[in-house]
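Just so it is clear: chains get the letters A, B, ... in the order the sequence lines come, proteins before strands, and each one is counted from 1.
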There are 2 protein chains.
Amino acid sequence: MQNRVLLVEDDDELRQLLSRYLATQGFSVREAANGRDGLSLALGQDCDIVVLDIMLPDINGLDVLRELRGKTHLPVILLTARGDETDRIVGFEVGADDYIPKPCNPRELVARLQALLRRIAWDQQADVDASRVYGDLRVEPDQRRIYQHGKPLELTATEYEVLQVLLAHAGSVVRKTDLMQWALGRRLEAYDRTLDMHISNLRKKLGNDDPPRIETVRGLGYSYRVPTQ
Amino acid sequence: MQNRVLLVEDDDELRQLLSRYLATQGFSVREAANGRDGLSLALGQDCDIVVLDIMLPDINGLDVLRELRGKTHLPVILLTARGDETDRIVGFEVGADDYIPKPCNPRELVARLQALLRRIAWDQQADVDASRVYGDLRVEPDQRRIYQHGKPLELTATEYEVLQVLLAHAGSVVRKTDLMQWALGRRLEAYDRTLDMHISNLRKKLGNDDPPRIETVRGLGYSYRVPTQ
DNA sequence: GGCTTGTGTAAAGGTTGGGTAAAGAGAAAA
DNA sequence: TTTTCTCTTTACCCAACCTTTACACAAGCC
């Protein structure tokens, strides 16, 4: 399936150059030489992505984009003469997805077009099952839950974070300083027993097996024992 | 409550600089100073987006990305010292969403982060058009009504939006920031209790079941309970 | 054995996040 | 204009839960 690009650019030479190159890269290209045409083509619903020059003879590219964003979330890549920074920031604020300074390398344009189209395809793909399984535990990040034998564990936010970090490193030791940083988001200070408490509570909720699932490595940290398989 | 950025960068000074700036811009930041930590944090920790330096002491950033792409479509922005063109193209081919050459302007980084997150939000909202059924609830987007047992609920415009977003993500946790953005169309500011009020009113109108249909996930957001299966 | 250091955990303390009533503010309708 | 409807803000309260404290034990070292 060919992706349809709308190219809005007033410089005939550049437009044709890009158009031809895009065609060789498997895109089907529509062209507009000014803002008005560009806008109506973009709203005409038969393109997948827009490459939009900012400097246009009639309507400013940013205004075209503003108009467009009132009606659609069509992906838009802005093109502009080597830009001053604030220009860029404004472009993004108005709703651009990407921004390439001219003179642009056609290969880079294509790479960015494809990256953006790929992102959209990924996003619209039905929820890729992101769940991860460790023995009898299953982590469901979307639900922010961890299931044991199919039943949800009643974990607090912090407990979830801690267990989830341990599981992500299942089988290897996670140092206390790292666990603190990654799960609690702060540094481990002397005499801080917070982490120990969370571990203790987690062990309780996981059922106090012997040997314990969460193994203590004295002087270092903790390690989730991978269930024998 | 904010968007969570994972910053993988070995240069301590730069990392801290960016980290601090991102924090001021309303992101919650996780850091990693090498590829291995970055990878396990990206896979384990749930973060929303990754900023990944290519030059890292242990694993090359591109290899980190490759590894990541084998498992997830987590959005990734590459950072790199050289603006070498082929480098860029390779970065995109491996699956990067964006690419910023160092030294990068923090404001541009933020603009690109936000553009990418916004794109994802748009895409995921995209399939919210057809009429849908969730247990005894039926959403009719064209009428902007939601029916319970065939009878229309008397919802205000905002309540409709909120419930509709929750239903579109039924079963998963919708963070308050996202719910605010998607349903109310603005950012969640500190001490803003508007959303809580709408939730409270919705619960009343849906009938205060036990367990509640709209579940609170403390510190995060809300989740519409999927009809038991 | 003593001594030191690290860990387990119960219980108390304190902070924060969320529920919701009620008042306020805006906008639309009458 | 007044009325009405809806959204937002304020205020108070409670429950969740993170952190601290305190004490006990276990491991390693001499």
**Message:** So, does A:Thr158 get its side chain near the phosphate of D:dC18, meaning an N or O under 4.0 Å from OP1 or OP2?
**Reply:** yes

**Request:** Report the distance from atom CD1 of B:Ile54 to atom CG of B:Leu62, rounding to the nearest 0.5 Å.
**Result:** 4.0 Å

**Request:** Find the distance A:Glu159:CD to C:dT9:C1' and express it as a whole number of Å.
**Result:** 14 Å

**Asked** Can you tell me if A:Arg132 and A:Tyr134 form a side-chain donor-acceptor pair at under 3.5 Å?
**Response** yes

**Asked** Within the pair B:His198 and D:dT6, is there a side-chain N or O less than 4.0 Å away from OP1 or OP2?
**Response** no

**Request:** Compare side-chain N and O positions of B:Thr156 against OP1 and OP2 of D:dC7 and report whether any pair is under 4.0 Å apart.
**Result:** yes

**Complete:** Residue pair B:Tyr191/A:Met197 against DNA chain D: nearer the 5' end by closest nucleotide is B:Tyr191

**Request:** Could you tell me whether the phosphate oxygens of D:dT8, OP1 or OP2, come under 4.0 Å of any side-chain nitrogen or oxygen in B:Arg186?
**Result:** yes

**Request:** Would you please confirm or rule out a distance under 4.0 Å between OP1 or OP2 of D:dT6 and any side-chain N or O of B:Tyr160?
**Result:** no

**Item:** Rounded interatomic separation in angstrom, taking CZ from A:Arg203 and P from C:dT7
**Value:** 11 Å

**Item:** Student check: side-chain heavy atoms of B:Asp196 and B:Tyr222 closer than 4.5 Å
**Value:** yes

**Request:** Could you tell me the separation between the CZ atom of A:Arg187 and the C1' atom of D:dT19, rounded to a whole number of Å?
**Result:** 19 Å

**Prompt:** Within the distance-only criterion (no hydrogens, no angle test), does the side chain of B:Arg66 pair as donor or acceptor with the backbone N or O of B:Arg69 below 3.5 angstrom?
**Reply:** no

**Request:** Please examine the side chains of B:Asn3 and B:Thr177, heavy atoms only from C-beta on, and report whether any two atoms are closer than 4.5 Å.
**Result:** no

**Message:** Do B:Arg119 and A:Leu116 have side chains that approach each other closer than 4.5 Å (heavy atoms only, starting at C-beta)?
**Reply:** yes

**N/O (side chain, B:Ser200) to phosphate O (OP1/OP2, C:dG18) under 4.0 Å** = no

**Message:** Any side-chain N or O of B:Lys176 below 4.0 angstrom from OP1/OP2 of C:dG18?
**Reply:** yes

**Message:** Closest-nucleotide mapping onto DNA chain C: is A:Lys204 or A:Leu220 further toward the 5' terminus? I mean the 5' end.
**Reply:** A:Leu220

**Between C1' of D:dT9 and CG of B:Leu188, the distance in whole Å** = 14 Å

**Asked** Among the nucleotides C:dT20, C:dT9, D:dT20, which one has an atom lying closest to any side-chain atom of A:Asp196?
**Response** C:dT9

**Message:** Does A:Leu184 reach a base, just sugar-phosphate, or nothing at all? Heavy atoms under 4.0 Å.
**Reply:** sugar-phosphate

**Message:** For a quick test of reading the model: is some side-chain N or O of A:Lys205 closer than 4.0 Å to OP1 or OP2 of D:dC17?
**Reply:** no

**Asked** So do B:Val5 and B:Val50 actually touch side chain to side chain, heavy atoms under 4.5 Å?
**Response** no

Distances under 3.5 Å between nitrogen or oxygen atoms of protein and nucleotides 24-30 of chain D:
none

**Request:** Would you kindly give the CD1-to-P distance between B:Ile199 and C:dG17, to the nearest whole Å?
**Result:** 17 Å

**Asked** Rounded to the nearest 0.5 Å, what separation is found between the CH2 atom of A:Trp122 and the CG atom of B:Asp97?
**Response** 6.0 Å

**Request:** Rounded to the nearest angstrom, tell me the gap between atom CG in A:Leu202 and atom P in D:dC18.
**Result:** 10 Å

**Item:** Value in whole Å for how far the P atom of C:dG17 lies from CG of B:Asp192
**Value:** 14 Å

**Prompt:** For B:Thr216 and C:dG17, is the shortest distance between a side-chain N/O and OP1 or OP2 below 4.0 Å?
**Reply:** no

**Request:** For A:Asn201 and C:dA11, give me the distance from atom CG to atom P, rounded to whole Å.
**Result:** 13 Å

